[in-house]
J.: 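Pasting in a structure now, in structure tokens, and then I'll have a few things to ask.
Both counts, for ligands and for their atoms, begin at 1 and track the order of listing.
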Amino acid sequence: MMIIMKSNATPKQIDHVIERIKALGLNVHLSQGVEATIIGAIGETHNINIDQFEVLDGVDFVKRITQPFKLASRQFYPEDSKYALDGFTVGGKDLLIIAGPCSVESRSQIIETAIAVKKAGANALRGGVFKPRTSPYAFQGIGEEGMEYLAEAREITGLPVVAEIMSQIQIEEMVKFVDVLQVGARSMQNFNLLRALGEIKKPILLKRGLSATIEELLMSAEYILAGGNNQVILCERGIRTFETSTRNTTDINAIPVLKNLTHLPVILDPSHSTGYSEYVGPVARAAIAAGADGLMVEVHLHPESALSDGKQSLKPEKFSEIIQQVGQIAKIIGRQIPCVQ
Ligand code: PEP
Ligand code: MN
């Protein structure tokens, strides 16, 4: 951390800053130039609140050198995180392709969809059972019953299953049925939930909040990592902007930026980031070209009658076609989707 003093800072003000740094158990590196004095604070500074220095007399501004998200940061852990999800290695050469309906609607729906997406190249099945809906009168998901259907679909296809968790009171039940717990955009800063998920031993798919910065996403990941769970997958799902042509705006930039800042795997959800099935393919291709470690795509057997997010859901045949294209792009950048030749 560097504390840059104002050009007219007095020796007394400089000494006071130095005393405060030392009081925190940090070492001091003083650089006194003709124009400016810079005081370096050396040591464990990621958990220090920089405001306490910014308010001191004579201080111009404070700059962090190390990231405030230490465990998630590539500065501290340069190697890509890799971990097993059933037989699959998340963060490895193979792309993680999570597909399935927005919501589990019935037993036959999720089983048929699971078989179809597996055939098309998916290596994980998604399906919401507790749905975070804007309206309390909208379909809220079929709950526990849906988890049983997901588990059955898993049994039949061998695909690990991903479902959204909305509250820590659902953890005990969900870990029995679900392989990856998804934290939705609306829950990204539910810090109590994040802390609780830090204590379990299952991968967490953490989606970026609707208006969250990349740093805020990484700070949320840090909550889970700090609890001892290092299996976090980050998911860009579009952010709110002034643009109304699409449901959200895909922040493609976030993919290389995140890959630069963190060792955690990064995937894109082009279904929520665009909101329209016809844009899912082009944006999915862009994500893989930009270096994403995978995709999460909504697939429905009959999008026109889906209970949620039908407009952005692909039919299995279209999904299969997109996976073939994405698989070709993957090869150019040294990645692969195993079923794509
Ligand atoms: C979802 O994946 O169905 C979902 C609700 O996504 P998000 O939290 O990104 O809106
Ligand atoms: Mn959805």
J.: Going through the checks in order, is the side chain to side chain contact (heavy atoms under 4.5 Å, CB included) test met by Arg107 and Glu148?
T.: CA-CA 9 Å; Arg107 179 177 174 275; Glu148 285 170 18; over 6 Å; no
J.: Is ligand 1 less than 4.0 angstrom away from at least one heavy atom of Cys102?
T.: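 Checking ligand 1 against Cys102, which is what was asked, there is a heavy-atom contact under 4.0 Å.
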J.: Can any side-chain N or O of Glu222 pair as donor or acceptor with the backbone N or O of Leu218 at less than 3.5 Å?
T.: no
J.: Is the ring pair Tyr77/His263 parallel, tilted or perpendicular, if the boundaries are 30 and 60 degrees?
T.: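 Tyr77 and His263: perpendicular rings.
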J.: Return the residue, atom name and 0.1 Å-rounded distance of the protein heavy atom closest to atom 4 (C) of ligand 1.
T.: His272 NE2, 3.4 Å
J.: Flag Arg186 as yes when one of its N or O atoms lies below 3.5 Å from any N or O atom of ligand 1, and as no otherwise.
T.: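 Yes - when backbone and side-chain N and O of Arg186 are compared with those of ligand 1, one distance drops under 3.5 Å.
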J.: If we only consider heavy atoms of Arg126, is any one of them less than 4.0 Å away from an atom in ligand 1?
T.: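 It does; at least one heavy atom falls under 4.0 Å.
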J.: Do ligand 1 and Ala185 have nitrogen or oxygen atoms that lie under 3.5 Å from each other?
T.: yes
J.: Nearest protein heavy atom to atom 5 (C) of ligand 1, by residue and atom, and its distance?
T.: Glu164 OE1, 3.7 Å
J.: Starting from the C-alpha separation in whole Å, work towards a yes-or-no answer on side chain to side chain contact (heavy atoms under 4.5 Å, CB included) for Arg186 and Met166.
T.: CA-CA 9 Å; Arg186 290 154 194 83; Met166 288 171 62; over 6 Å; no
J.: Can you check whether Lys207 has an N/O within less than 3.5 Å of an N/O in ligand 1?
T.: yes
J.: For Gln312 and Arg247, test the side chains for any donor-to-acceptor distance below 3.5 angstrom and give the result as yes or no.
T.: yes
J.: Go through ligand 1 atom by atom and flag the ones less than 4.0 Å from a non-hydrogen atom of Glu298.
T.: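 Listed by number with element, the hits are 3 (O).
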J.: Quick one: do Asp309 and Arg133 make a salt bridge, cutoff under 4.0 Å?
T.: no
J.: Is Asp309 in polar range of ligand 1, meaning some N or O pair under 3.5 Å apart?
T.: no
J.: How long is the straight-line distance from NZ of Lys202 back to CG of Leu85, given to the nearest 0.5 Å?
T.: 9.5 Å
J.: Looking at Thr157 and Ala153, would you say the former's side chain and the latter's main chain have a donor-acceptor pair under 3.5 Å?
T.: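 Between the backbone of Ala153 and the side chain of Thr157 there is a qualifying donor-acceptor contact (under 3.5 Å).
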J.: Are Gln13 and Asp57 close enough that a side-chain donor and a side-chain acceptor fall under 3.5 Å?
T.: no
J.: For the residue pair Gln67 / Gln75, report whether a side-chain donor-acceptor contact shorter than 3.5 Å exists.
T.: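 The criterion, which ignores hydrogens and geometry beyond distance, is not satisfied for Gln67 and Gln75.
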J.: Would you list the protein N, O or S atoms within less than 2.8 Å of the Mn ion (ligand 2), leaving out water?
T.: Cys102 SG, His272 NE2, Glu298 OE2, Asp309 OD2
